[in-house]
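One structure is given here, and the rest of the page talks about it.
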Amino acid sequence: MKITTWNVNSLTARLQHVLDWLAANPVDVLCLQELKLTEDKFPLMELQAAGYAHCAVFGQKTYNGVAILSRTELRDVVRNITHYPDESSRVITATVDGPEGPVRVVNGYFVNGQAPGSEKFAYKMAWLGGLNQYVGEELKAHPRLVLLGDFNIAPEDRDSFDPVGLKDTIHHTKEEREHFQGLIRLGLCDSFRLFEQPEKSFSWWDYRMLGYQKNRGLRIDHVLVSDALRPQVKGCAIDRTPRKWKQPSDHAPVTVEI
DNA sequence: ATGGCGGAAGCATTCCGA
């Protein structure tokens with residue numbers, strides 16, 4: 001089965017791109033971030049017509065918002081993370097049935113953090129602590145687990161177009177990378193790195209300064225798979241195609257095959 | 001040194017993203 005994560009930067013603005021991409025890439029599960037809409041504005045009819053009969057939505061006006069779209073049933077949906085009183089809609093969790101058993105899918109839009117030392121960075125650190133605790137508990141109950149989404153963390157220097165110039169700036173700090181490793185230590189692995197990948201593989205490029213054209217990007221969208229799922233992962237890839245379309249999201253979709 | 005683009009809210013301009 002194929003599971004994709006994609007930060008669409010407004011589902012209202014990007015619906016046609018999502019539909020066009022799904023028509024060409026009929027994945028089983030699509031996890032979206034930055035919907036920027038409330039659930040009553042979610043384009044359920046259009047997505048159901050595209051084959052995604054089961055949609056779990058955790059929306060919010062203007063900012064944030066996440067959803068899981070599936071061809072098959074979604075069970076035990078959880079909105080938000082426990083142990084952290086987050087006012088933003090950032091995490092939605094559901095169980096889907098894969099060919100070799102159920103898969104727990106945790107879809108997150110991680111806090112951006114703006115700049116080290118800022119209040120928003122402190123929020124990012126606290127939120128990441130709450131997320132770690134939440135995912136640890138989910139893993140105990142559901143060993144076959146995928147944690148995916150927009151992590152807003154470039155885990156290693158090779159995940160940045162300019163690791164020297166951007167050293168210790170947002171997405172590149174030791175503290176953020178330590179939190180990423182904390183998730184790995186729960187018993188997860190970065191599925192993208194299980195396979196040979198092109199040099200300078202990124203998932204986000206700034207709209208400004210011809211970021212995409214110059215491949216000045218970051219790899220901040222990730223699919224982490226649990227130790228129980230790891231032996232059956234067949235591939236993980238970033239699809240840069242929709243980033244070349246007119247008025248694209250600044251993020252590319254990332255797909256794992258299990 | 002800074003903003004550069006793009007979306008939302010809402011109608012001029014600000015906030016926010018990464």
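Chain naming here is simple, since letters A, B, ... match the order of the sequence lines and numbering starts at 1 in each.
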(request) Using the P atom on both, measure dT13(B) against dT2(B) and round to a whole Å. (result) 23 Å
(request) Check the distance between dC5(B)'s C1' and Gln213(A)'s CD and give it to me in whole angstrom. (result) 11 Å
(message) Just by distance, no angles: are the side chains of Asp20(A) and Trp245(A) close enough, under 3.5 Å, to form a donor-acceptor pair?
(response) no
(request) In whole angstrom, give me the gap between the C1' atoms of dA1(B) and dC11(B). (result) 32 Å
(message) Strictly below 4.0 Å, N to O, side chains only: are Arg219(A) and Asp190(A) in salt-bridge contact?
(response) yes
(message) Could you check whether Arg79(A) pairs with Asp86(A) (Lys NZ or Arg NE/NH1/NH2 to Asp/Glu carboxylate O, under 4.0 Å)?
(response) no
(message) Does the protein touch nucleotides 8-18 of chain B at the base, only the backbone, or not at all? Give it as B, S and - per nucleotide, heavy atoms under 4.0 Å.
(response) SS-----BSBB
(request) Please report, rounded to the nearest Å, how far the C1' atom of dG6(B) is from the CZ atom of Arg243(A). (result) 10 Å
(message) Side chains of Gln33(A) and His251(A) only: does a donor on one sit below 3.5 Å from an acceptor on the other?
(response) no
(message) Between dG10(B) and dG6(B), how many Å separate the two P atoms, rounded to a whole number?
(response) 23 Å
(request) Could you verify whether a donor N or O on one side chain and an acceptor N or O on the other, from His172(A) and Ser160(A), lie under 3.5 Å apart? (result) yes
(request) Any chance you could pull the hydrophobic cluster mates of Leu218(A), using side-chain heavy atoms under 4.5 angstrom and chaining through other members? (result) Phe161(A), Leu166(A), Phe202(A), Trp204(A), Trp205(A), Tyr212(A), Ile220(A)
(request) Just call it for Arg14(A): base, sugar-phosphate, or nothing, with non-hydrogen atoms closer than 4.0 Å on any strand. (result) sugar-phosphate
